[in-house]
Amino acid sequence: MEERDTYKTIAAPSEEILFKEKNSKFFGYAFPIQSESEVKQLIDPLRKKHFNAVHFCYAFQIGTDKLSFRANDDGEPSNSAGAPIYGQIQSHGLTNVLVVVVRFFGGIKLGVGGLISAYRTAAQMTLEAAEIVEKTIDKHFQILFEYKDMNKVMRIIKEKNLNIVSQQMDEKCCIEISVRKKNARQAFEIFEQTFGVEIKILD
């Protein structure tokens with residue numbers, strides 16, 4: 001079985017969606033994220049925008065090889081909000097994504113079943129409104145060499161169609177490249193066998 005080297009995420013923050021259920025309003029938002037530290041920065045502006053809202057429930061998933069995720073009910077009954085939102089991230093097969101559903105209470109209690117259904121629907125509508133894209137899982141390498149070996153390094157990069165992430169050109173040169181996961185071993189071995197070139201794997 002070939003190892004998966006692509007993942008699905010969203011291209012950009014989604015449009016705001018609104019789902020209404022028995023006078024309660026549920027506003028849904030989806031954001032592409034790379035790390036958990038972004039979550040608070042994205043939710044804080046929503047708290048300012050919807051300062052009368054009662055609950056800011058969310059779920060996120062990050063990573064490709066190792067997944068990390070969290071579902072937060074923000075004061076709703078346990079597993080009635082964050083879990084159904086997370087379920088939608090999973091059913092769309094997405095990662096590196098945050099989905100937030102902001103609830104305004106409309107005076108009529110929905111019950112746990114009603115809440116699960118409303119949060120699930122709001123999250124589903126939010127993700128359906130987002131543009132879903134497939135990206136490759138890339139490995140990053142650092143190539144170290146002397147300036148005189150520049151041409152042969154650049155030739156390999158060009159022939160193998162490798163992406164240069166950053167480069168420092170001095171007497172000692174350092175280039176960071178990214179390589180699609182399925183091609184990573186081959187690229188690593190080529191540089192490893194090239195005289196005068198050192199290659200390191202960056203995590």
Side-chain angles (χ1 to χ4, degrees), residues 4 6-138 140 165-166 178 202-203:
R4 207 167 51 96
T6 59
Y7 65 94
K8 288 199 302 185
T9 188
I10 61 173
S14 66
E15 302 280 315
E16 172 184 286
I17 69 100
L18 170 60
F19 173 67
K20 293 179 183 169
E21 182 69 38
K22 293 184 180 159
N23 296 351
S24 276
K25 289 180 183 172
F26 296 83
F27 289 92
Y29 303 88
F31 303 94
I33 58 170
Q34 295 296 325
S35 70
E36 187 170 344
S37 61
E38 295 169 64
V39 172
K40 187 176 183 311
Q41 297 162 10
L42 290 165
I43 293 177
D44 282 349
L46 295 179
R47 290 187 191 280
K48 289 194 181 77
K49 180 178 178 176
H50 299 295
F51 56 88
N52 292 334
V54 199
H55 303 285
F56 293 79
C57 304
Y58 66 87
F60 66 80
Q61 180 151 285
I62 301 167
T64 49
D65 293 341
K66 295 190 205 64
L67 293 175
S68 67
F69 65 90
R70 174 170 298 167
N72 185 318
D73 296 312
D74 194 34
E76 293 283 33
S78 183
N79 293 329
S80 68
I85 296 172
Y86 180 59
Q88 286 304 308
I89 293 175
Q90 285 182 302
S91 71
H92 282 77
L94 301 176
T95 191
N96 293 359
V97 66
L98 164 70
V99 178
V100 185
V101 178
V102 180
R103 181 187 179 199
F104 286 82
F105 180 54
I108 301 169
K109 286 195 182 301
L110 300 181
V112 171
L115 286 173
I116 289 171
S117 170
Y119 278 105
R120 183 197 301 126
T121 304
Q124 180 183 354
M125 287 167 63
T126 302
L127 289 172
E128 284 170 359
E131 185 193 347
I132 292 174
V133 289
E134 190 166 65
K135 295 191 172 185
T136 58
I137 300 171
D138 296 331
H140 287 247
V165 179
S166 66
S178 69
L202 299 171
D203 209 16

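Only this structure's heavy atoms are used, side chains among them; waters, hydrogens and symmetry mates stay out.
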(Q) Looking at every heavy atom in both Ile108 and Asn23, which two are closest together, and how far apart are they? (A) CD1-ND2, 3.7 Å

(Q) Can you confirm whether Arg70 is buried at CZ, in the sense that more than 12 heavy atoms of other residues, nucleotides or ligands lie under 6.0 Å from that atom? (A) no

Q | Distance-minimising heavy-atom pair for Val101 and Ala123 | A | CG2-N, 4.2 Å

(Q) What's the separation between atom CD1 in Ile89 and atom CZ in Phe60, rounded to the nearest 0.5 Å? (A) 9.0 Å

**Q.** Interatomic spacing from OH in Tyr58 to CG in Asn72 - rounded to 0.5 Å
**A.** 4.0 Å

Q. Between Lys48 and Asp44, is the closest basic N to carboxylate O distance under 4.0 Å?
A. no

(Q) Is the ring pair His50/Tyr29 parallel, tilted or perpendicular, if the boundaries are 30 and 60 degrees? (A) tilted

Q.
What verdict does the side chain to side chain contact (heavy atoms under 4.5 Å, CB included) test give for Val54 and Arg103, after you've listed the backbone C-alpha separation in whole Å, the side-chain angles of each residue and the deciding distance to 0.1 Å?
A. CA-CA 6 Å; Val54 199; Arg103 181 187 179 199; 5.8 Å; no

Under 3.5 Å, which donor-acceptor pairs link side chains of residues 124-132 to any protein atom two or more places apart or in another chain?
| from | atom 1 | to | atom 2 | distance (Å) |
| --- | --- | --- | --- | --- |
| Gln124 | NE2 | Glu128 | OE2 | 3.1 |
| Thr126 | OG1 | Ala122 | O | 2.7 |

(Q) I need the Leu98 CG to Lys40 NZ distance, nearest 0.5 Å. (A) 13.5 Å

Q | Closest non-hydrogen atom pair, Ala118 against Leu110 | A | CB-CD1, 4.4 Å

Q: Over all heavy atoms of both residues, which pair between Ala59 and Gly82 is shortest? Give the atoms and the distance, please.
A: CB-O, 3.7 Å

Q: Answer yes or no: is there a donor N or O on one side and an acceptor on the other, between the side chain of Glu38 and the main chain of Ser35, under 3.5 Å?
A: yes

(Q) Can a donor-acceptor pair be found, under 3.5 Å and without considering hydrogens, that links the side chain of Ser80 to the backbone of Val112? (A) no

**Q.** Stepwise side chain to side chain contact (heavy atoms under 4.5 Å, CB included) test for Phe69 and Gln90
**A.** CA-CA 10 Å; Phe69 65 90; Gln90 285 182 302; over 6 Å; no

Q) What closest approach, in Å, do Gln61 and Leu94 show between heavy atoms, and which atom pair accounts for it? A) NE2-O, 3.3 Å

Q. Atom CG of Leu46 and atom CZ of Phe31: how far apart are they, to the nearest 0.5 Å?
A. 4.5 Å

Q | Rounded distance (nearest 0.5 Å) linking atom CD1 of Ile62 with atom CD1 of Ile33 | A | 4.0 Å

Q: Keeping the roles fixed (side chain from Ser178, backbone from His140), state whether a donor-acceptor pair exists under 3.5 Å.
A: no

**Q.** Distance (rounded to the nearest 0.5 Å) between Lys135 NZ and Thr95 OG1
**A.** 11.5 Å

Q | Backbone of Ala81 reached by a side-chain donor or acceptor of Asp73 within 3.5 Å | A | yes

**Q.** The single option from Leu115, Ile116, Thr121 passing side-chain contact (heavy atoms from CB on, under 4.5 Å) against Pro84
**A.** Ile116

Q) Any chance CZ of Phe104 has more than 12 other-residue heavy atoms, nucleotides or ligands included, within less than 6.0 Å? A) yes

Q | Closest non-hydrogen atom pair, Pro13 against Pro32 | A | N-CD, 3.6 Å

(Q) Main chain of Asn96, side chain of Thr9: is a donor-acceptor contact present, judged purely on distance under 3.5 Å? (A) yes

